[in-house]
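A short worksheet on the structure shown next.
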Amino acid sequence: MTAEPEGFRELSGRELAKEVRAAVAARAAELTKNGRQPRLAVVTANDDGGSAAYIRSISAAAAREGIACDVARTTTATGITATLTSLADDPEVHGIILQTPLPEGASLAALATLIPVQKDVDGASPESIGRLVAGLPAFAPATAEAVLALLDHYGVELRGRHAVVVGRSVVVGKPAAHLLLDRHATVTICHSRTPDLAAITRQADILVAAAGRAGLIGPWHVSPGTTVIDVGTNATPEGGLAGDVDPAVTGVAAALTPVPGGVGPVTTALLLRHVVEAAAIAG
């Protein structure tokens with residue numbers, strides 16, 4: 001096991017998630033008392049084990065905070081289209097999530113356009129993403145927002161700092177980069193085809209690993225003083241989770257989020273906060 005340097009911080013997300021959930025529960029109770037219980041609908045069209053576990057987790061978390069959660073199951077792109085259209089028109093539904101993976105031939109970008117911006121609590125639709133980039137009101141993807149929330153919680157300065165994001169997905173890498181830019185960080189985006197990745201990541205004051213590859217970031221990718229946010233949730237053969245960051249970076253970095261227990265709990269809490277915010281706006 002690599003020894004952690006003096007002053008190293010583990011950036012657990014559990015305390016922050018607890019704070020967010022408490023505020024969510026209080027707001028949900030207030031809205032429900034006034035006749036408008038926040039309601040989330042999750043649309044799924046797969047039997048993927050990881051997806052099923054995520055849906056169970058979201059449903060249980062919603063129930064704990066007083067948010068109704070309905071799971072709509074279908075098997076085809078046509079069924080997804082009909083379900084999303086119905087939910088979009090339902091005034092009792094305040095938030096909609098379209099769960100992946102999708103059936104063969106189904107387009108996430110096309111289907112996500114059926115989710116109204118005001119109900120797009122995970123920022124998945126092209127319109128929500130466009131509004132985020134343009135600095136207009138919209139829900140940011142919860143995982144990308146969790147990155148910023150954790151940095152703020154631990155008092156990590158963003159203004160003028162060099163943030164390197166490894167990963168360019170529409171749900172994490174790109175929106176996280178835009179959120180960091182909005183906070184006046186200087187941002188570099190890297191990906192699987194970036195030559196000499198370590199030469200760039202070693203320049204980072206803040207390193208966000210969101211490539212979806214277990215152990216991609218090793219100690220040679222970071223410099224002393226770097227704050228590392230590990231967004232990775234990669235399944236292990238033993239049935240656990242591994243991040244995109246090798247735990248050995250604790251011997252070099254100043255701070256690292258654990259996996260599990262870092263970005264994940266905050267993501268779930270923020271997603272539920274978006275649902276109560278959407279319910280409040282819908283009034």
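Here the structure is a predicted model, which is why all the values come from computation and not from measurement. Nothing fancy with the numbering, it's 1 onward along the sequence.
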Tabulate below the donor-acceptor pairs under 3.5 Å that side-chain atoms of residues 90-98 make, not counting sequence neighbours, or state none.
from : atom 1 : to  : atom 2 : distance (Å)
D90  : OD1    : E92 : N      : 2.9
H94  : ND1    : R39 : N      : 3.1

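- Looking only at distances, no side-chain donor or acceptor of T194 sits under 3.5 Å from a matching main-chain atom of L197.
- In the hydrophobic cluster analysis, where Ile, Leu, Val, Met, Phe, Trp and Tyr join through side-chain heavy atoms closer than 4.5 angstrom, I189 is grouped apart from L207.
- Using a 4.0 Å cut-off between charged side-chain N and carboxylate O, R27 and E30 make a salt bridge.
- The backbone N or O of A22 sits nowhere less than 3.5 Å from a side-chain atom of E65 that would complete a donor-acceptor pair.
- When only modelled atom types and interatomic distance are considered, T83 and S86 share no side-chain donor-acceptor pair under 3.5 Å.
- Looking only at side-chain heavy atoms (C-beta outward), S125 and T113 stay at 4.5 Å or farther from each other.
- Atom CG of L150 is separated from atom CD of E15 by 11.0 Å, given to the nearest 0.5 angstrom.
- Closest approach of G218 to D246, counting heavy atoms only: CA-CB, 4.1 Å.
- Cluster annotation: L256 and I229 are assigned to distinct hydrophobic clusters (Ile/Leu/Val/Met/Phe/Trp/Tyr, side-chain heavy-atom contacts under 4.5 Å, transitive).
- No side-chain heavy atom of L241 sits less than 4.5 Å from a side-chain heavy atom of N234.
- Using a 4.5 Å heavy-atom cutoff, the side chains of T257 and V228 are not in contact.
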Intermediate values then yes/no, side chain to side chain contact (heavy atoms under 4.5 Å, CB included), R73 and V71: CA-CA 6 Å; R73 303 184 187 279; V71 179; 3.8 Å; yes
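- Although no hydrogens or angles enter the test, the distance criterion places no donor-acceptor pair under 3.5 Å between the side chain of N46 and the main chain of L102.
- In this structure, L132 and P175 have side chains that are in contact, with non-hydrogen atoms separated by less than 4.5 Å.
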Pair L40-I58, side chain to side chain contact (heavy atoms under 4.5 Å, CB included): steps then yes or no: CA-CA 10 Å; L40 171 67; I58 286 291; 3.7 Å; yes
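- Legend: ring-ring contact (aromatic ring centres under 6.0 Å, His included) pairs involving residues 185-206, not counting sequence neighbours: none detected.
- With rounding to the nearest 0.5 Å, the separation of CG in D120 from CD1 in I115 is 5.0 Å.
- Side chains of D230 and V263 form no contact here, defined as non-hydrogen atoms less than 4.5 Å apart.
- S128 contributes atom OG, which lies 11.0 Å from atom CG of L136 (distance to the nearest 0.5 angstrom).
- Between A124 and I129 the shortest heavy-atom distance is O-CD1, 3.8 Å.
- Here the side chains of S12 and Y154 are in contact, with some heavy-atom distance below 4.5 Å.
- Of all heavy-atom pairs spanning T226 and A204, the tightest one is OG1-O, 3.1 Å.
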Quiz: residues 269-283 side-chain donor-acceptor pairs under 3.5 angstrom, not counting sequence neighbours:
from : atom 1 : to   : atom 2 : distance (Å)
R273 : NH2    : E145 : OE2    : 3.3
H274 : ND1    : V121 : O      : 2.7
H274 : NE2    : E145 : OE1    : 2.6

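- In this structure, CG in L181 is found 8.0 Å from OG1 in T186, a value given to the nearest 0.5 Å.
- When all heavy atoms of A146 and V266 are compared, the closest pair comes out as CB-CG1, 3.7 Å.
- Taking hydrophobic clusters as Ile, Leu, Val, Met, Phe, Trp and Tyr residues chained together by side-chain heavy-atom distances below 4.5 Å, V259 does not share a cluster with V252.
- In plain terms, the two heavy atoms of G13 and P265 that are nearest each other are O-CB, 4.3 Å.
- Between T227 and the choices D205, V208, L11, the side-chain contact (heavy atoms from CB on, under 4.5 Å) rule is met once, by L11.
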Side chain to side chain contact (heavy atoms under 4.5 Å, CB included) assessment of R202 paired with V222: CA-CA 5 Å; R202 282 196 299 266; V222 301; 6.0 Å; no
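- Here the closest non-hydrogen pair linking I206 and E157 is CD1-O, 3.8 Å.
- A chain of hydrophobic side-chain contacts below 4.5 Å, direct or via other Ile, Leu, Val, Met, Phe, Trp or Tyr residues, connects V249 to I200.
- To the nearest 0.5 Å, atoms NZ (K119) and CZ (F139) are separated by 12.0 Å.
- By the neighbour-count criterion of 12 heavy atoms within 6.0 Å, atom CG of D47 is sparsely surrounded, having that number or fewer from other residues, nucleotides or ligands.
- When side chains are defined from C-beta on, V24 counts as touching I67, because their heavy atoms get closer than 4.5 Å.
- Here the side chain of T32 pairs no donor or acceptor atom with the backbone of R36 at under 3.5 angstrom.
- Following chains of ILVMFWY side-chain contacts shorter than 4.5 Å, one can reach L179 starting from V20, so the two form part of one hydrophobic cluster.
- In this structure, D122 contributes its side chain and A142 its backbone to a donor-acceptor pair below 3.5 Å.
- Here the straight-line distance linking atom CG of L151 with atom CZ of R183 works out to 8.5 Å at 0.5 Å rounding.
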Worked verdict on L84 versus I80 for side chain to side chain contact (heavy atoms under 4.5 Å, CB included): CA-CA 6 Å; L84 289 176; I80 297 173; 3.7 Å; yes
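- Atom CZ of R161 has more than 12 neighbouring heavy atoms from other residues, nucleotides or ligands inside a 6.0 Å radius.
- Residues T44 and I55 are in side-chain contact: their nearest non-hydrogen atoms beyond the backbone lie under 4.5 Å apart.
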